[in-house]
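Contents: one structure, followed by commentary.
Counting starts at 1 for both ligands and their atoms, following the listed order. Predicted model, so just to flag it, every value in this text is computed and none were measured.
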Amino acid sequence: MREYYIAGNWKMNKTAAESREFAEQLADALEEASVKLMIAPPFTALESVSSIVQGTNIILGAQNMCHETSGAFTGEVSADMLLDLDVTAVILGHSERRTIYGETDELINQKVRLALTKGLEPVFCIGETLDEREAGRVEDVVRTQVTKGLAGVSEDQLKQVTIAYEPVWAIGTGKTATPDDANAVHAFVRSLIRELYSDAAAQAVQIQYGGSVKPDNVRELMAQEDIDGALVGGASLKLEDFKKIALFKK
Ligand code: 13P
């Protein structure tokens, strides 16, 4: 049985003080959760949130990371800087990084491999745009993203990787993939992992769904065979909503 993994991507929201207060509320509210939990505040709030989630059932994630270890990369944050703040997980290849900042599969692959070498757990994001879906290219797009993004990642390293399937057209739009449509892509991703690695790796890999996950659709999504969790944006910024999502099993 794969464990469910629910993560909150706060994106570019909340100051350090706001993040600290929210993390305190979450730590109390989510004590009873029986799933793996992660929150990813902005970089500027990692330090303050780190001390709050210490010793709780919430792990700390970052939203991005530089593909190189140090040096002349103005504006970037390194893996060691994240580790220094007790960050455990890092979201890589988010569609906003791909589309707004032009991150390529090759760059994302460098980040994934570096994160793994450093002992960070990547949450590796994939997903098609609306145009790609309408052109019937979902499997092509996802195949390329998975194959290139995980190139050079060993089967042993893959155990630390979570894949997040986030159809770009469902992010922040209120449009969710139907549970069946989402599950079909998740099953396809799992079959790719079987092809690239092994049946055991395919059975074990956790695949989160992301894109307008809310309290009223989380149960149906999580009931799908190949959906193992959620990467939540907007609803992760609201205490009651994220609580209901994280406690969806109750
Ligand atoms: P929303 O939940 O706001 O659609 O965002 C999803 C997302 O991008 C999480 O990484």
Side-chain angles (χ1 to χ4, degrees), residues 4-14 19 22 26 30 35-43 45-46 49 58-65 87-103 108 111-112 115 120-130 132-133 138 141-142 145-146 149 161-179 181-183 185-186 189 206-222 224 227-248:
Y4 284 104
Y5 182 4
I6 305 283
N9 174 8
W10 295 5
K11 305 193 180 182
M12 195 172 71
N13 293 289
K14 298 191 187 292
S19 297
F22 190 52
L26 284 174
L30 304 182
V35 299
K36 178 170 173 176
L37 288 174
M38 181 266 269
I39 53 175
F43 288 132
L46 284 173
V49 171
I58 303 174
I59 66 171
L60 186 63
Q63 300 174 18
N64 186 25
M65 188 194 92
V87 169
T88 304
V90 59
I91 299 172
L92 296 173
H94 192 280
S95 69
E96 288 147 19
R97 302 294 321 169
R98 291 177 188 263
T99 56
I100 306 171
Y101 301 100
E103 292 196 7
I108 295 160
K111 294 185 181 197
V112 168
L120 287 160
E121 299 174 8
V123 174
F124 164 54
C125 304
I126 56 169
E128 81 287 357
T129 63
L130 187 57
E132 290 163 342
R133 173 160 283 257
V138 177
V141 169
V142 163
Q145 290 173 336
V146 170
V161 178
T162 299
I163 299 175
Y165 169 60
E166 301 202 302
V168 178
W169 48 272
I171 296 177
T173 57
K175 287 187 200 154
T176 327
T178 65
D181 282 350
N183 194 60
V185 183
H186 282 235
V189 172
Q206 284 173 308
I207 310 177
Q208 295 173 324
Y209 169 79
S212 299
V213 175
K214 306 282 180 232
D216 62 3
N217 60 23
V218 64
R219 264 194 207 90
E220 222 190 330
L221 286 162
M222 295 308 121
Q224 301 296 314
I227 302 184
D228 309 313
L231 181 55
V232 186
S236 75
L237 297 168
K238 298 181 194 137
L239 183 64
E240 281 311 309
D241 284 1
F242 196 60
K243 180 177 171 184
K244 285 185 190 140
I245 292 169
L247 300 179
F248 76 92

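Atoms of ligand 1 lying under 4.0 Å from at least one heavy atom of Glu166, given by number and element, are 6 (C), 7 (C), 8 (O), 9 (C), 10 (O). The Ser212 neighbourhood of ligand 1 comprises atoms 1 (P), 2 (O), 4 (O), with distances under 4.0 Å to a heavy atom of that residue. For ligand 1, the atoms closer than 4.0 angstrom to any heavy atom of Gly211 are 4 (O), 6 (C).
Checking only distances, Gly172 does come within under 3.5 Å of ligand 1, N or O to N or O. Residue contacts with ligand 1: Asn9 is placed with a nitrogen or oxygen under 3.5 Å of a nitrogen or oxygen of the ligand (distance criterion only). Close N/O approach between Lys11 and ligand 1 is found [any backbone or side-chain N/O within under 3.5 Å]. Between Lys214 and ligand 1, no N or O atom pair is found at a separation short of 3.5 Å.
To the nearest 0.5 Å, atom CG of residue Leu26 and atom CD1 of residue Ile58 are 5.5 Å apart. Atoms CD1 and CE, on Ile91 and Met38 in that order, are 4.5 Å from each other to the nearest 0.5 Å.
The minimum heavy-atom distance between Ile39 and Val49, with the atom names listed, is CD1-CG1, 3.8 Å. Residues Ala170 and Tyr209 come closest through the heavy atom pair CB-OH, 3.6 Å.
With respect to atom 3 (O) of ligand 1, the closest heavy atom belonging to the protein is Gly234 N, 2.8 Å. When only non-hydrogen protein atoms are considered, atom 2 (O) of ligand 1 lies nearest to Gly233 N, 2.9 Å.
Taking the six-membered ring where the residue is Trp, Tyr4 and Phe248 present perpendicular rings, their angle passing 60° and hence far from 30°.
Residues Leu30 and Lys243 form a side-chain contact, since some pair of their non-hydrogen atoms from C-beta on lies under 4.5 Å apart.
Under a 4.0 Å N-O distance rule, the pair Lys36/Glu121 qualifies as a salt bridge.
Only the backbone of Ala170 comes within 4.0 Å of ligand 1, counting heavy atoms alone; no side-chain atom from C-beta on gets that close.
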